[in-house]
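Here is the structure we will look at.
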Amino acid sequence: MEIINRRPRMASLARKLRRENKIIGLVPTMGALHEGHLSLVKEAKQRCDVVIVSIFVNPAQFNEGKDFAKYPRDLTGDAALLTEYQVDYIFAPSTQEIYGEGFSTYVYVENLTETLEGASRPGHFRGVATVVTILFNTIRPDFAFFGQKDAQQVAVIKRLTQDLGFDTEIIVAPIVREESGLAMSSRNAHLSQEERYAAAIIYQGLRQAKIAMREGERNVTKLSALVREKIESEPLARIDYIAVVDNETLEPIDKIAENTVLIAVAVRFGKTRLIDNAIINRKSNN
Ligand code: AMP
């Protein structure tokens, strides 16, 4: 495995791989890798000849400087894990390498980016869309792998891939959870033991909605109230939002019809803000 820091080197290597007709898979991450990231790597290994994992804590997608500063970083540990998983390349550019002097070009995806995470974290998706565009443009992967954990991000990336005409197929992998149900996240490292224990309530809340759906509940306000009630039963939880939206357009819906519905939540435990979601549709029975 080789760690690449420079963009021109990454681009020329990807060009060479394409000339050799290799199928290239890209797994974009911010490092501090856990089982969630590794599930994407496994999926990439299955589909691709060459797997590149990018590790870049992208300052443009953090709207709070403090959050960026304290984001967990562990390139040595990450590299050891990725060697074990037989990843071919890590692309780990510096901030300067991506946002060089005079950098002025940002990618803004309309409509999908103002709600949910976009409302709570202004500018977040501009940062995400910009860096993903730079990564796609540098590497031109055949496949890129993203987690359902960041459901809105998936919708934004799919949109930009189509709109900008990237020849990259977006593969979405399911949410990987701890035994307690807590969705794995690099941010879980910031939780105290008590908060970590309490945070399992998020999944229990989402499960309430799934169970109610299975029992025939179709009223979105009621489903949302069930999730809220459950999460609020945990004193350490402070809900930022609970939203029931169309999975593709992210528009709020008031009745479960034929479309696939996303219940997305953001909840704070102490200083840590966690997101999670569940897909529900009429046909799903789990
Ligand atoms: P991050 O390093 O947080 O930017 O995440 C990198 C990728 O891993 C994103 O596509 C995330 O959606 C995905 N990811 C993070 N946590 C999980 C998880 N628990 N299950 C599945 N994918 C995840």
Side-chain angles (χ1 to χ4, degrees), residues 25-47 51-64 67-68 70-75 77-79 81-82 85 87 90-93 95 98 112 116-117 121 124-136 139 141 143-161 168-191 196 199-200 202-203 206 247 262 264-267 272-279:
L26 170 66
V27 182
T29 81
M30 297 204 297
L33 302 180
H34 51 66
E35 290 292 327
H37 299 112
L38 296 171
S39 73
L40 302 180
V41 171
K42 274 187 234 163
E43 185 73 36
K45 287 289 295 178
Q46 275 179 14
R47 285 183 192 247
V51 174
I52 302 169
V53 174
S54 63
I55 298 183
F56 179 63
V57 185
N58 176 26
Q61 72 187 67
F62 286 80
N63 49 328
E64 287 172 28
D67 190 22
F68 173 68
K70 72 169 195 187
Y71 195 84
R73 292 164 171 87
D74 179 18
L75 185 56
D78 291 345
L81 267 177
L82 295 177
Y85 277 74
V87 161
I90 295 178
F91 180 42
T95 301
I98 298 294
L112 296 173
L116 310 173
E117 287 304 283
R121 306 173 66 191
H124 171 68
F125 286 112
R126 185 177 88 136
V128 170
T130 301
V131 83
V132 168
T133 299
I134 293 170
L135 290 171
F136 280 11
I139 297 170
F143 296 94
F145 299 81
F146 292 87
Q148 175 60 30
K149 160 86 173 18
D150 298 277
Q152 188 174 13
Q153 173 169 280
V154 165
V156 171
I157 303 290
K158 282 185 171 170
R159 186 77 254 165
L160 92 77
T161 303
T168 297
E169 189 176 332
I170 306 302
I171 307 289
V172 183
I175 302 177
V176 177
R177 300 180 179 280
E178 294 183 359
E179 221 172 295
S180 68
L182 174 64
M184 292 204 180
S185 163
S186 310
R187 285 200 163 81
N188 293 353
H190 298 317
L191 296 168
R196 200 181 185 109
I202 301 176
Y203 182 57
L206 293 169
N247 188 41
L262 174 75
V265 304
V267 185
T272 311
R273 186 172 174 282
L274 302 177
I275 58 169
D276 200 344
N277 66 80
I279 298 276

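Note that ligands are numbered from 1 as they come in the structure, with each ligand's atoms numbered from 1 the same way. Only heavy atoms go into these numbers, but all of them, side chains included; no hydrogens, no water, no symmetry mates.
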Ion pair K70/E64, N-O distance below 4.0 Å = no
What residues form a ring pair (Phe, Tyr, Trp, His ring centres under 6.0 Å) with F56, not counting sequence neighbours?
-> none
Distances under 3.5 Å, N/O of ligand 1 against N/O of the protein: list each pair and its distance.
unit_1: ligand 1; atom_1: 2 (O); unit_2: M30; atom_2: N; d: 2.9
unit_1: ligand 1; atom_1: 2 (O); unit_2: H37; atom_2: NE2; d: 2.9
unit_1: ligand 1; atom_1: 5 (O); unit_2: H37; atom_2: NE2; d: 3.4
unit_1: ligand 1; atom_1: 10 (O); unit_2: G147; atom_2: N; d: 2.9
unit_1: ligand 1; atom_1: 12 (O); unit_2: G147; atom_2: N; d: 3.2
unit_1: ligand 1; atom_1: 12 (O); unit_2: G147; atom_2: O; d: 3.2
unit_1: ligand 1; atom_1: 12 (O); unit_2: D150; atom_2: OD2; d: 2.6
unit_1: ligand 1; atom_1: 16 (N); unit_2: M184; atom_2: O; d: 3.3
unit_1: ligand 1; atom_1: 19 (N); unit_2: V176; atom_2: O; d: 2.9
unit_1: ligand 1; atom_1: 19 (N); unit_2: M184; atom_2: N; d: 3.4
unit_1: ligand 1; atom_1: 19 (N); unit_2: M184; atom_2: O; d: 2.8
unit_1: ligand 1; atom_1: 20 (N); unit_2: V176; atom_2: N; d: 2.9

Please determine which of L26, T29, I134 meets the side chain to side chain contact (heavy atoms under 4.5 Å, CB included) test together with S54.
-> L26
Results of side chain to side chain donor-acceptor pair (under 3.5 Å) for Y71 - residues two or more places apart only | S186
Between D78 (side chain) and A32 (backbone), is there a donor-acceptor pair under 3.5 Å?
-> yes
For F68, which residues count as a ring pair (Phe, Tyr, Trp, His ring centres under 6.0 Å) partner, sequence neighbours excluded?
-> F62
